[in-house]
Amino acid sequence: MIRVLVLGGPTAVGKTEYALALASRLQGEIINADSMQVYRGLEIGTAKIRPEEQQGIPHHLFDLVDVDTPFDVAQYQMRARECIQAVTARGHLPILVGGTGLYVRATLFDYHFPIKEGNVPLSFSNETTVALYEQLQVLDPLAATQMHPNNRQRIERALQRVAESGPLKEIPRPSMLYDALFVGLTRPREELYDRINQRVLTQFQQGLEQEAQHILAQSPQGSTARQAIGYKEFIPYFEGQMTLQEVQDTIQLHTRRYAKRQYTWWAHQFPMHWIDVGNGRAPSEALCEMEKLVKAKWSQ
RNA sequence: GGAGGGGUAGCGAAGUGGCCAAACGCAGAUGACUGUAAAUCAUUUCCCAUCGGGUUCGGCGGUUCAAAUCCGUCCCCCUCCA
């Protein structure tokens with residue numbers, strides 16, 4: 001099986017820096033696993049690494065599409081698998097770096113996304129959520145058991161899927177397709193939250209407002225890019241209903257909550273090896289621990 | 001000094017004798033998640049505990065079978081008049 005090193009963890013924990021160091025020590029190439037950094041133009045708000053910071057290490061799957069172009073897990077899965085293949089063929093170690101757990105899981109595990117047949121998307125706007133859930137219970141009882149009756153977004157998707165490829169025959173229990181090592185970076189909660197708050201302040205100084213204005217003008221209603229934290233919060237501000245300070249507070253709040261959700265996903269969906277990079281620990285020491293994990297797994 | 005309004009769980013805010021450990025909002029904590037995932041959704045938040053129990057609604061004291069809710073008194077806050 002192909003080896004893949006995964007570097008995950010919550011936002012603002014320090015993945016970008018450690019990825020760079022790891023890549024240079026392990027002859028690795030970095031593959032983005034962040035659902036928002038695939039968009040061109042989301043720079044400051046997503047804390048995307050800049051070309052001059054990349055230290056000559058190849059970075060893949062950043063800036064794939066414009067903000068008005070839809071992108072989803074299925075596309076990511078395909079691109080990421082191709083990329084892993086290519087990096088491996090070059091004799092390098094693919095390092096998947098990012099916070100979007102679903103993207104990583106769909107790539108490394110046996111997730112199937114049937115090819116869409118280009119049929120008209122169903123419209124559910126006139127139905128109540130209760131009615132939609134009842135429909136799903138009839139059309140795909142198994143899928144219905146997998147989601148909460150209030151989760152309209154997932155119910156709609158399930159109905160769409162049923163229309164395209166029929167009901168679920170069994171609940172999928174995906175297996176891993178790669179020889180993957182999951183390293184998660186972590187820090188004490190309070191320290192992480194401080195870093196998040198500080199990072200948002202810095203982003204404002206770097207011109208987040210201008211970037212957001214630009215992005216919001218370019219991305220259509222409902223597009224994924226305008227759901228990104230650090231951008232959508234500006235909407236009420238540009239409409240004159242919120243102060244800049246309130247925008248900043250809200251971005252910090254949303255980012256903190258996002259970080260918690262990421263912890264939940266990473267901790268529960270993968271066999272993680274957590275490395276504490278906080279508490280004033282020297283990066284060299286943390287890196288050393290990561291290298292040990294790598295050696296222990298792929299001893300060489 | 002006088003008149004009036006108010007003090008409810010982390011914050012805001014309902015409740016005005018029993019159905020109140022106390023609605024609701026916010027914030028926090030926990031979790032779910034195979035095509036929007038930086039999305040969407042759920043649970044939970046006085047204390048101990050499995051049922052269940054023990055302390056709460058500014059303090060103290062009363063009335064009552066029963067009080068956050070009624071009475072007395074004290075403390076604190078706000079507005080207005082002096």
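Just so we're on the same page: letters track the sequence lines, and every chain starts at 1. When reading the values below, keep in mind they use all heavy atoms of this one structure, side chains included, and skip hydrogens, waters and symmetry mates.
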S.K.: Taking only the C1' atom of each, what is the distance from B/U34 to B/A39 in whole angstrom?
M.R.: 14 Å
S.K.: Between B/U64 and B/G10, how far apart are the two P atoms, rounded to whole Å?
M.R.: 33 Å
S.K.: Under the side chain to side chain donor-acceptor pair (under 3.5 Å) test, which residues partner A/Y18, sequence neighbours left out?
M.R.: none
S.K.: Are any of A/Y231's side-chain N or O atoms less than 4.0 Å away from OP1 or OP2 of B/A38?
M.R.: no
S.K.: Record whether the side chain of A/N151 comes under 3.5 Å of the base of B/A42 through a donor-acceptor pair of N or O atoms.
M.R.: no
S.K.: Between A/T11 and A/R199, do the side chains contain a donor N or O and an acceptor N or O under 3.5 Å apart?
M.R.: yes
S.K.: Using whole Å, report how far CZ of A/F270 lies from P of B/U34.
M.R.: 11 Å
S.K.: Could you walk me through whether A/R40 and A/D63 pass the salt bridge (Lys or Arg N to Asp or Glu O under 4.0 Å) test, one step at a time?
M.R.: CA-CA 4 Å; A/R40 290 180 209 112; A/D63 302 319; 5.9 Å; no
S.K.: Can you measure A/L102 atom CG to B/C41 atom C1' for me and round it to whole angstrom units?
M.R.: 15 Å
S.K.: Partner of B/A22 by Watson-Crick or G-U wobble geometry, both contacts under 3.5 Å, or none?
M.R.: none
S.K.: Give a yes/no answer on whether the side chain of A/N150 brings an N or O atom under 4.0 Å of OP1 or OP2 in B/A42.
M.R.: yes
S.K.: From CZ of A/R157 over to P of B/U40, roughly how many Å is that when rounded to an integer?
M.R.: 17 Å
S.K.: In whole angstroms, how far is the C1' atom of B/U36 from the NZ atom of A/K232?
M.R.: 11 Å
S.K.: Is the NZ or CZ atom of A/R79 positioned over A/Y76's six-membered ring, under 6.0 angstrom from the centre and within 45° of the axis?
M.R.: no
S.K.: Between atom CG in A/L208 and atom P in B/A38, what is the gap in whole Å?
M.R.: 17 Å
S.K.: Measure the distance from CZ on A/R261 to P on B/U40 and round it to the nearest whole Å.
M.R.: 8 Å
S.K.: Mind calculating the distance between CE (A/M147) and P (B/U36) to the nearest angstrom?
M.R.: 12 Å
